[in-house]
Amino acid sequence: MFDFNTQLLIQAFGLIFLGLGLAARLGYWKKWFWQLRGSIYGYIPFGCLFILYSYDEAFRKIFAPYPWVTWILYGVFFALGFWFTVSPPSFIKPPWVRWIEKYPENIIEAMRNEAKENPEWESHIKTEAMVDVWAKSFKIRKARKT
């Protein structure tokens with residue numbers, strides 16, 4: 001009948017998580033930023049954790065005298081995944097996200113709203129100077145309304 005290989009399934013999940021996280025980190029998948037904020041960065045260490053766990057039997061044989069080594073290794077990747085999800089450090093974020101996040105929340109919210117309405121929003125984040133111009137346009141709009 002159907003031979004279900006758990007190890008391959010766990011590796012597939014790991015590769016999917018790792019791929020999504022790396023696509024976001026490298027700046028290829030930009031639309032996620034407005035929906036998920038920082039939670040996507042945790043996909044990188046969680047993907048690695050899935051892949052490592054798929055080799056659990058081999059690790060248990062290699063580290064048989066020291067079983068705590070595998071648990072520490074898993075714990076490190078889990079902790080990194082949790083950290084990157086809850087409060088991602090700046091080094092894990094692509095440059096364009098750091099450029100946007102230097103602005104106050106009300107400007108970021110205005111950027112988010114425009115990004116949802118205007119599919120051309122990505123043209124504003126090619127350089128830091130372009131992000132600055134984009135952010136200043138919201139400050140000018142706000143000043144005109146008052």
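Just so you know, these numbers come straight off a predicted model, no measurement behind them.
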Determine yes or no for a side-chain-to-main-chain donor-acceptor pair under 3.5 angstrom, with T85 supplying the side chain and G81 the backbone.
yes

So, W83 side chain and S87 main chain: donor-acceptor pair closer than 3.5 Å or not?
yes

Grab the two heavy atoms, one from [X] and one from [Y], that are nearest each other, plus how far apart they are.
X   : Y   : value
G42 : P45 : O-CD, 3.3 Å
S54 : I51 : OG-O, 2.6 Å
F50 : G14 : CB-CA, 3.4 Å
Y43 : F17 : CB-O, 3.3 Å
P94 : A24 : CG-O, 3.4 Å

[X] bridged to [Y] by N-O distance under 4.0 Å:
X    : Y    : answer
E128 : K102 : yes
K93  : E101 : yes
D56  : R60  : yes

My understanding is that only one of I40, L20, I44 makes a side-chain contact (heavy atoms from CB on, under 4.5 Å) with R25; could you say which?
I44

Does the gap between the ring centers of F46 and F77 come in under 6.0 Å?
no

Ring centroids only, cut at 6.0 angstrom: are W96 and F33 within range, meaning strictly under it?
yes

Roughly how far, to the nearest 0.5 Å, is the [atom2] atom of [Y] from the [atom1] atom of [X]?
X    : Y    : atom1 : atom2 : value
M111 : F138 : CE    : CZ    : 6.0 Å
Q11  : I16  : CD    : CD1   : 12.0 Å
L15  : L8   : CG    : CG    : 10.0 Å
C48  : L73  : SG    : CG    : 10.0 Å
F63  : T70  : CZ    : OG1   : 7.5 Å
Y41  : L80  : OH    : CG    : 15.5 Å

Ignoring hydrogens and angles, state whether a donor on the side chain of Y55 or Q7 is under 3.5 Å from an acceptor on the partner side chain.
no

Would you check if [X] and [Y] make a side-chain contact, meaning some heavy-atom pair closer than 4.5 Å?
X    : Y    : value
W121 : K116 : no
I125 : K30  : yes
R112 : E105 : yes
V69  : Y66  : yes

Assign the ring pair [X] / [Y] to parallel, tilted or perpendicular, where the plane angle (0 to 90°) is split at 30° and 60°.
X   : Y   : value
F78 : F82 : parallel
F84 : F91 : perpendicular
Y74 : W71 : perpendicular

Answer yes or no: are there more than 12 heavy-atom neighbours, outside F59 itself, under 6.0 Å from its atom CZ?
yes

When you look at OH of Y28, are more than 12 heavy atoms from neighbouring residues, nucleotides or ligands closer to it than 6.0 Å?
no

Please say yes or no: joined through hydrophobic side-chain contacts below 4.5 Å, possibly via intermediate residues, are I108 and M130 part of one cluster?
no

Please determine whether residues W68 and L49 belong to a single hydrophobic cluster, defined as Ile, Leu, Val, Met, Phe, Trp and Tyr linked transitively by side-chain heavy-atom distances below 4.5 Å.
yes

